[in-house]
Structure formats: C-alpha cells, structure tokens
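Quick note on labels: first sequence line is chain A, next is B, and so on, each numbered from 1. Any value given below was found using the heavy atoms of this structure, including those in side chains, with hydrogens, waters and symmetry copies removed. From a predicted model like this one, the values you see are computed outputs, not experimental measurements.
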Amino acid sequence: DAGVTQSPTHLIKTRGQQVTLRCSPISGHKSVSWYQQVLGQGPQFIFQYYEKEERGRGNFPDRFSARQFPNYSSELNVNALLLGDSALYLCASSLQQGGNIQYFGAGTRLSVL
Amino acid sequence: QKEVEQNSGPLSVPEGAIASLNCTYSDRGSQSFFWYRQYSGKSPELIMFIYSNGDKEDGRFTAQLNKASQYVSLLIRDSQPSDSATYLCAVTLGPGSARQLTFGSGTQLTVLP
C-alpha cells in the first residue's frame, strides 16, 4: 500500500508569491495534518482536517490556509510568501481525528528567495 | 518554558552500546507519547509510541514513560551506525487539542563504528 504522498518534492518561490502544496493520505485514513519544520527544529503543527472540516489550527498567520477534499486529499496554501516560510512542509495522515498514530509523507522542501 | 524539551546533543555512542535519549514535557494532560527518527533531509519515521506508565519494548528499542515525573525516554540497545539520526519526541495534549503532535527540537545521535 502506498504511504502518504506529497507533491511537489521541492519548490523555489520568491517573496510575495503564493504556493500550493498537495497531500494524499494513506488509503483509508480520513485525517490529514500539516506541519512546518524549519532547519534544526522539530515540526510545528499548522492544521488538522478530518472529514473535510478544520479540526485544529496552530499558531500560524492567516496567510496559511488549507482544505480537504472528498477523497481525503488535502492542499496547503501559503500566500504572500516571506523568507521565513522557507522550510520542510510535512503532511501526516491518521485513521481518524482521535487516531493518535500519525504517519508522515516525505515532505515538500520550500525555498523562498 | 517549552512544552516538550530534549537535549539537542549531539550524543555520541560507540557501536554496540546503549543510547539513552530523554524528553520532558510540561502539560500534565499529555496523553500519548511518540518517538520519531529523522535522517538528515528525510521526513520523521515513527519508531515507538507509549500511552501508559512503564516500559514498552520493540526489538532493540525500549520506550519508558513516567507521568508523575513528566518524562519519557528511549533506549536503543546494541546501537548501530545506521541508528545515527535525529530522534524527535512528540506528545499529544489533552482533550480539545485535536490530537495534534507537539514536538521537541530533537536529539542528534551519532553511533561511532
């Protein structure tokens, strides 16, 4: 079975641009969470979606938004990119909202120049 | 005070030795505890989880949880060079938190041949 898949693998943008990152969860998993990991730090929670609804949001500005589709895949959008948005963006899927075991995809490496 | 704290290391152990990684957390409502391994440039990979006080063993790995003292540890027996990675401790907080993972900054482990 395929694991969590994320696209693209790498992305280079300039300040002020907008970016969309995509995630497909493990088959049968209904919950998707997004995390940001900057170099040298642990991942930081951005959003959790379950059954297409936002169920949790971390301490990130409104420039960050996300959605989940009927097939449980998800997109993370970041507007008005800043240099500080350069990071590894990780998607994790779990069976249900309360399902504690989260499995991570390979991530999208975003560089903002 | 950070919610989840780990010694950043680096921690170096010789091949075949026991590596001991420690983590403390601040929220007494924390319910679930995870250890992820992250190789350089890769995404976190779940290696252990523990919910109850005591020890949990899986192969060369043992997770230990002490809720009264608010710490969780990971022991790696017979350490191998392939165990060289950053080890991330993560917890899920109490009800209402959408079961998001809160990570420490990670401990870098180097196993010397």
Side-chain angles (χ1 to χ4, degrees), chain A residues 3-7 9-10 21 23 25-26 29-51 53-60 64 66 68 87-111, chain B residues 2-10 21-27 29-52 56 58 63 65 72 74 85-108:
Chain A
V4 180
T5 57
Q6 291 186 245
S7 62
T9 305
H10 295 90
L21 310 180
C23 172
I26 293 170
H29 284 195
K30 298 182 178 181
S31 181
V32 169
S33 298
W34 288 95
Y35 293 82
Q36 180 198 65
Q37 186 177 26
V38 299
L39 201 61
Q41 298 296 317
Q44 271 201 294
F45 173 75
I46 310 175
F47 285 111
Q48 185 184 72
Y49 276 78
Y50 176 68
E51 291 286 9
E53 291 187 8
E54 181 183 307
R55 300 302 181 109
R57 182 181 184 122
N59 187 25
F60 280 81
F64 289 77
Q68 187 177 33
L88 179 66
Y89 288 85
L90 295 161
C91 174
S93 79
S94 59
L95 198 57
Q96 57 194 16
Q97 182 188 359
N100 278 334
I101 309 299
Q102 296 188 27
Y103 299 94
F104 286 88
T108 294
R109 175 78 58 188
L110 173 64
S111 298
Chain B
K2 287 186 179 180
E3 291 174 313
V4 179
E5 295 207 49
Q6 299 180 250
N7 289 329
S8 60
L21 305 162
N22 299 312
C23 170
T24 59
Y25 58 93
S26 61
D27 191 324
S30 300
Q31 298 184 339
S32 305
F33 307 85
F34 304 85
W35 285 98
Y36 284 85
R37 176 176 62 199
Q38 187 172 28
Y39 292 112
S40 180
K42 301 296 184 182
S43 64
E45 171 193 12
L46 179 68
I47 53 174
M48 290 287 290
F49 60 90
I50 187 167
Y51 301 145
S52 304
K56 180 181 178 181
D58 184 2
L65 174 61
V72 57
L74 179 70
T86 296
Y87 288 80
L88 295 163
C89 172
V91 307
T92 55
L93 302 180
S97 66
R99 301 296 178 95
Q100 67 199 52
L101 290 167
T102 300
F103 284 87
S105 296
T107 297
Q108 185 179 345

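- In this structure, no portion of B:E45 lies under 4.5 Å from any heavy atom of chain A.
- Annotation: the span from A:Q48 atom CD to B:L101 atom CG amounts to 9.0 Å, rounded to 0.5 Å.
- By the 6.0 Å contact criterion, CG on B:N7 is open, its count of non-hydrogen atoms from other residues, nucleotides or ligands being 12 or less.
- Only the side chain of A:Y35 comes within contact range of chain B, judged by heavy atoms closer than 4.5 Å.
- Taking each heavy atom of B:Q38 and A:L88 in turn, the nearest pair found is NE2-CD2, 4.2 Å.
- Of all heavy-atom pairs between B:G41 and A:R109, the closest is CA-NH2, 4.4 Å.
- For the pair A:P43 and B:L88, the minimum side-chain heavy-atom distance is below 4.5 Å.
- In terms of heavy-atom proximity, B:Q100 sits nearest to A:Q102 at CA-NE2, 4.5 Å.
- No side-chain heavy atom of A:F104 sits less than 4.5 Å from a side-chain heavy atom of B:L46.
- Looking at A:Q44, neither its backbone nor its side chain comes within 4.5 Å of chain B, counting heavy atoms on both sides.
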